[in-house]
K.L.:
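Structure below; questions to follow.
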Amino acid sequence: MATSSVFLVNVAGQIETGEFQEFDDLYCKYCFVYGPDWLITSGLEESISQITKKSEDERQLFCWNFPLDVTFKSTNPYGWPQLVVHVYGLDVFGVDTIRGYGVTHVPITPGRHKRIIPVFVPESSSTLQKLTSWFLSNRPEFVDPRVVAQGEGREVTRVRSQGFVSVSFNVVMKDMKKLGYDVLPSDLSTVNVPENVGVQQGRVSEA
Amino acid sequence: MATFKKKKKDRLLTNEEDEDGVSNPIMAGEADSVQEIMPGGGESSAAETVSEDQEAQSLLQTLKKTRKKKKRELDDELISPKDDLARELQSLKKKSKEKVEETFRRESEEEGEGEEEEEVTVPEVADDGTLPMPEEEVAETAKPVEGEEEVSRIKKLRKKKEEVEETPIEPADEVDAATPREATPPPSPPEPETLPEPTPRTTSLRARMRSRLEKAKEEAAQEIREVEKENREERQERLLKGRRDKRGVTRFDTEMDEAELERLVESKQMKLRMKKEQPKKEKPVYMPTTEEAYDFFTRNFEPELVEEPVVEKADTEAEEKKKKEEKKEGEEEEKKEGEEETKEKQEGEEEEKKDGEEETASKKEKKEKPEDEQPLLEPEEDIMFGHVVMCRAEYPDPAEIEKKEMEILYVPSVKLIPNAEKVFDQQQPRFLEEEGFYVGIRPQTSGMNQNKMEHRLLKEAEKGRLSSKKWFGEDGRILALPDPLRGTPSRPPVPEEPEPHLETVFRHATMREYNTRYIDGAIEGGGHYQLDVDINSIIFSHHHLFSREHVLATRLMQLFEQYIIRKKKNMAEYLTEKLKALKNSSLHLRDHIESHRSEHSDADRTNYQKRLTDYKLEIRKTRELRDQEEQADRTLLKNIIHTWKEMKAQRELQKYNNTPLKLQIRKEEVEKKQDLLLWKQEIEDEIEEIKEEYEDEYYRKMHIYSEELEKYNKQQEAKNAARIRQQNKGRRGSKQRRQSTGSGAASDTDQPVSEEQAQLDREILDEEDLPKPEMPEPFEEGELREKITAKAREIRRRPGEPKLHLELTTTGTVTATQQCPRGEQSRREDVSKCKVFVKVLFNNKEVSRTTSKLLSQDFKVNFGQILNLKIVQWPESIKFQIFENSGFSTDLLAELFAGIPEVSVTSQAVQIEDMEFSSDVKIQHNHEGVGSGRPFSFGSKGTDTLILMTTGTLTASVAWGVNDNGVPLVPPIGPGGPYNIFDSMKKMDPVAAIGAAGVMDLQKLAKWFLASRLDPNDPNNADLVYMLRPREGDFGQLLPSDFFRLEQLQEEFDLVPDEEIQNNRRFQLLELRDLEVLDFRNFKMVPPFDRELARDVFVEYDRKKREEQKLKQVEDIESHRAAIARFRQRVREQVMQRFRVLAHQKKLDDVVNEPAVPNVAMIGTSLMRVLERKRPMRPQRKERKKITAQAIKGDEKEVKILVNILRAGDIPIRMALSSRTAGGGGGRPDTERKGKESLVRPFVEVMFQHNTVKTSVADGPNPSFNEELELSFKAPNDDYSPSSLQQVTDIIFLNLYDEMVVNILEDDRERGTSIHQRIEKHWLGSLKIPFSTLYLNGKIDGKFTIDTPPILLGYGHEQTRGELDLIINHDVRTTLSIFMTIEPPLTQPEHVKEKFTSTEHEKLLAHAENWQRNFETKFPQREILTTVIDVNGKSVFVTRYFKPLHPPEEFISKGEQSAELVARYVSLIPFVSDSVIFAGLCDIWSTCAQFLMMLSGDEEEHAVLLANYFLALNKKTWLIIGSAIPEGPTAYVLTEEQDDFWIWNAGTGKHFSVRDSNCPLQVVGCLINSENIWANIQQYEKPAQMSFVLNDSKCWSTLFGRTFPSPGLGSVQPEALYYFSTDKVYVRDLQEKIEQMLKNKIMDWRSRHITRWNRHCTQIIRKLLPILEENLGKPVGPQHLTELEQQFGSYKVSGFPINLPFTELNSIIESVYATGVHAQESREIEFALAVYVHPYPNSILSVWIYVASLIRQR
């Protein structure tokens, strides 16, 4: 095989439902964030869903059932893809506002997984700004939604929890084992724990 | 009376026995108890009784007194709830009695029976006992009677006592008889059948009964009262004591309950009946009166009224019971008081009981009477239905009704009631709120309702209910709020001294390892772990039930065991043999030495000698050992025999055997002769040996002795001599004195000698006497022999003595228990009673225990039990507790700890081990048992006492359980190896973890390791070997390492060694990417395997690295440059390091996009926006939204540089040549015309990153382009982050060209038909704008002066043609108006506002900051500086940078020109933006020395240097901080000239007048010099509009003023700058090199054509260049040009000189390329190129390049 060896991760799934207490008319967007060694070979990296109204039963769910289907190619598990979901909705004045950012890693084992992602929004930095942002329907947003997938620069933000988004993943993998990565418990070979802790290997025999 | 009573009693007794002999079981029991007391009393003699009687009398009297007293007290006191209740009851009863009496009366009238009943009722009232009035009377009347009665009773008692003996059971019978009566009454009342029986007797009995009743009642009443009183008191007292009497009470209570229940049922029945009866009774034949009628309707008829008698009866019954009960109590109490009285009472009681019974009986009779009448009433029913009387309806008088209603109805008014009425007790209303108390907010109610309520309440109060008081508060208002005061104090009273049980106790903090204690983390763990504890047996080696023989037997057994062991070892034998062997070898050796003495060398000899002495030593040691062993053997033997003898003696003494032990001694006869021989030889040997040894010693000692003796003698001699001398001297002295007059001279000569001598003598005499050595004693054989023989005798078998062999058997018989004496028997019995069991405690909790087993007679207990413990916690301790159970008590004998088994120890493979225990329990027996912890002695001798403690051995084992499948149930264990308790500790302590716990001194450890010769290869020692690293691989020399590894386990977790990672190219790549090395920062898809990595990945990187390396090793010709580069590199690295951290810090704005808070201005503008025009006349550019780096995808087309070229001005026009040659060449009318029409056809070409775009061609010297050009921008590695962008060094070139169309049509004939033209572009000037400037400023907007070459052949300014003065002509500059920006706008790196450490004074810093902030809020546009960052990253006050510094000598002497020279010098220092050098935007100010050293710097460095030079030239100079175009924020220099201020651009060396409107400086922020900082607070910021009068406080605000005078800051600049002249040879070389290179490049660029070089022309220009340099780059005079023109008259020359500071070759090439000289397509073209490098001090080089193209004119 001439091309370099890679492993493939196929993620199919759905952004199923959302739980938000006080909002209505929500739609969500998603994007994948991944490390430098990853590449999307097929599927949509970003997409935007329909607007949904909350169910009129006591659950008050927002049902999107928004499919995800994307295949990654990678050489290195470092920077494993993360799904960033951001939910928007119309506020009282009918202006589009952010309702929540959430992130989860794509499951690292093949199979069906379900994730409930708590979502949050950045808070206004002062009460005055909170007031004006409400009046002007101008909530603070992340400059880049991908911020939620990284650890850097988070310390400057203050966020408020908003609700939950439940996502289901069906993960299929190829060639992980071939590259030496064991993700399934069945793959794990027995781990050898050295008996003489602290003794350099071969020291005794050498002597 | 008494006799009567007695009789009566008897009769009653018989009566009752006749009637029913059924005994109540409960009462029978009671009778028993009575009986029990009786015999007790009966035992006392008759004599005693008399005295007792007297006592009783006296007691009685006192009792009476107390009774009276108590009664009175009681009457006063008693208002207890009980009394209240009683009172109510009474009132009720009174009413009911009245009713009953009425009915009685009526009935009596009917019946004709009268008196008796009435009489009966009277006492009944008294019987209630609660009515105070009659009670008092009764009590008073009863007193005298009672007194009599008591006397009679006592008499009776006496009689009784006499009788008692005979009929002790009689009274009990009476009671018996009484009880059933008592029990039966409750059910009886409704049954009339029972009555007929007593009736016949009633007549005869009645009289007696009545009288007795009265009396009994009196008595009873009194008694009750008394008892009650007492009870009450006593009960209170005895509340805390155990209530024995309570039991009796409860028993009665239950009985009563039953009775009550029955009664309740009855009463209900009665009620029902009464209800039926009621109306019948009430129904009158006559018409009721109105009142009655009203009553009939209004009153609530209570059926109880009629029922009352029954209730009453029940009451009385209950009361009777109560009485009884109380009597009982009283009885019991009195029992305590005195037995005498109890008897008395009992009798009394019996009577009372009887009385009571009779009373009830009578009552029954009485009460049943109304019921008897029932049939009488029945006919009435019939009557009622039978006759109906009709009468007219009665109509009540309305007035009367109203009147009546008035009485009943009440309409509360709504009027306000004065407060005074509502306050009780005539108090004044009190208003708490006015007094300042907090009063809550009352709930809202309408006043009307409130008043109504108040009225109602008051009305009720009027009616007599006092309770309404509580409805009103103190202020007279109705209470509506909860009382804020609490009824009880909220804080409990704190006693002075702390209560003992409330004292705080300090407890040490304890660790709670909740989770770790459980194996699986919690109780409900998953695993099943089991410990099997096998408890096999216990053998006591001493027990408190041991007999003396047992003690001896155990001792014997122990000794015998020892004997067996010793015999097995047979050390004595072994040592004897060894001794023999040693002797032999030493003998051999000695022989050998003797025989070969001559042959041996000295070394050999000493060697042999040494061996010999070694042998001797060994022999001695062995002998000593053997002697010891032999002695031990012998003493053991002796002991055994002794013990056996003792035991035998004991057996004999006690005449029975307790143990089956038997010692058999076998004698082995030996030959005495041989023995003796051996014995003697042995002794001789030893003596010999010792002798030998002693002799050696003796010689040695003798030697020392002789030496010492000699010394001693010498000293003595010396002393003697000295003494003699001194005596002599004394004598002589006296003589001298005598002869002093005579022979003074003689004495003079003698004197000094004697002085010295005397001194010496004195010293000698003062010397301490040496001890006289003692002669060593010679060897005394005899004594020694004796000693040795004695020793031998003691420890060795004597010759002829038989050898003894011992054998211990258990064949003896134990004497049967029956034959033993009593003491032994009881001992054995005790032994057989004794039971032993073992408790197992796991983690100090009992988890299991064995069954308790009997102790056998030989003190062994066999359990053989395996206890399985399922555990959930980690085992910490397993403890056995041995308990002994003899009889009832259970004693803890001992506690034993078992070890927690290792993992490998399972119940399948476990060894049972013995655990010894001992107990310190002290027990003594009064039989043969010797006890424990108590002294005892043996047999008759009894001399030596022994104290033995109970000891023994427990045989048990602990192991991990194994399940059915053979899997051990061991908890999972971490990787730390087998579990033990210290595992957790090991985790904490790495030293412990590697097995060297507690080792403090590694050196010592090493020594010990060496000394103990441990095998370093033994895996057991691996830990130690690890600790002590072998030195040079030699395990013999283990030494502790000099370091201690903190994470000594880290190595274990390293996947691969570090070298492997370093060698692996993939890892390397990943690492470099992580480090954000420029080349690899955004490297994508690093392949998973090393082999898949492209080979050339590192080529570029390696090359760069190599270059860096090369920089370090100087070999380049530009050695100075290299040094500079090194220096720069170093500074850069330092600064990079510092800013790397900051680069990753983010601000809120970076992450969150938050709209700004609208302020007034914003609102204003937004309002304005509403009003503003849709299409304004003068549209303004709007601020665009910045885009972050992340948002930009790596698409190349995305980021663009927009260049809007508006117009140009004063473009030089074509001239001279054409005009001059105009007359000559008539063949060129076209050009002539064109020249006139369009003097120049300029266009602008923008070049960036080798992309070029150009505008369309305009016409004339002042064209208007208005064109927008787009250039795509590509960031290195597609990284658009600020840190990356600001390092882009690319330059945007804006070149102004003149497009010239040259007609190249060869043939004129074709002119009409075809056009053949060539377009030529001539470079007129350029404008360079670094990308960083554009990036940092966001946009560049304005009119710029284009750098035009000083000489532009063929072009001149328009003005020259008009004959105006030349001075203006000189100042004319070509300008270009452009607008430039980046699309989309990129985020700019934020200013690092980090606080840098500073050495400045804090006060100063604070003041400066304050001042600066003040200013900044007012003028945000104007930049101001107080502190700057120096190369070391420290904040330095900016004024410190100013200090006069002398420019190079060669500039100073030039007078007027020197300023410009200096400016030129400074401008020739290469310009490099700080942002490029120091990534991460921070302006670093280097000092002038550093600047000259680095030879590159920013505007401020140039400006500071220039300012300092000017200061040295005695100019008044300031540094201007402001912003200019195109640089943006920058620094300029301001100097004061005669009557003007000049602004110098240090970067270009040009200066402008303040008034010059073309000055690039746009904003003046502040002025700085060494003294002060002036901030511009004027309205305008453009220099032309500003005032530069610095004293004017309205225009300039100073940092240091009157409030804060200048502290006189020292300068950071060096004292003087060091200049060195540049190497001329090097300059020449460089010049040639540049020229050669440029020529080659030009040829390369136009590779399609042949490039010809015009040498002649080159020569001429080369001459020209130095002149240009001299002229400081200004246009030279026309004479030079004319010369040139003359030379090349036949050529059309276009060319220009370029002046550059020298930085590197590449930039020169770039500049030349940018001019586009090479882009001449003509074939005939020739080129001329000259380079001139002018050296200035410090390798500052000015490079001149003259490029010209020549086209031969035809």
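Every heavy atom of this structure was used, including side-chain atoms; hydrogens, water molecules and symmetry mates were not. Please read these numbers as outputs of a predicted model, since none were measured by experiment. Residue numbers begin at 1 in each chain, while the letters A, B, ... track the order of the sequences.
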K.L.:
Please look at A/Arg154 and chain B and tell me whether the side chain, the backbone, both or neither of the residue comes under 4.5 angstrom of a heavy atom of that chain.
P.N.:
neither

K.L.:
Counting only heavy atoms closer than 4.5 Å, note whether A/Tyr78 contacts chain B via side chain, backbone, both or neither.
P.N.:
side chain

K.L.:
In the structure I gave you, are the side-chain heavy atoms of B/Leu1070 and A/Asp37 within less than 4.5 Å of one another anywhere?
P.N.:
yes

K.L.:
By salt bridge (Lys or Arg N to Asp or Glu O under 4.0 Å), which residues pair with A/Glu46, not counting sequence neighbours?
P.N.:
A/Arg146

K.L.:
Within a 6.0 Å radius of atom CD on A/Gln21, are there more than 12 heavy atoms belonging to other residues, nucleotides or ligands?
P.N.:
no

K.L.:
Can you name the nearest heavy-atom pair linking A/Thr75 to B/Arg1066, along with the distance?
P.N.:
O-NH2, 4.0 Å

K.L.:
By ring-ring contact (aromatic ring centres under 6.0 Å, His included), which residues pair with A/Phe66, not counting sequence neighbours?
P.N.:
A/Tyr30

K.L.:
Which residues pass the salt bridge (Lys or Arg N to Asp or Glu O under 4.0 Å) test with A/Asp69, not counting sequence neighbours?
P.N.:
none

K.L.:
So if I take each residue of residues 88-125 of chain A and look for any heavy atom under 4.5 Å from a heavy atom in chain B, which residues do I end up with?
P.N.:
A/Pro122, A/Glu123, A/Ser124, A/Ser125

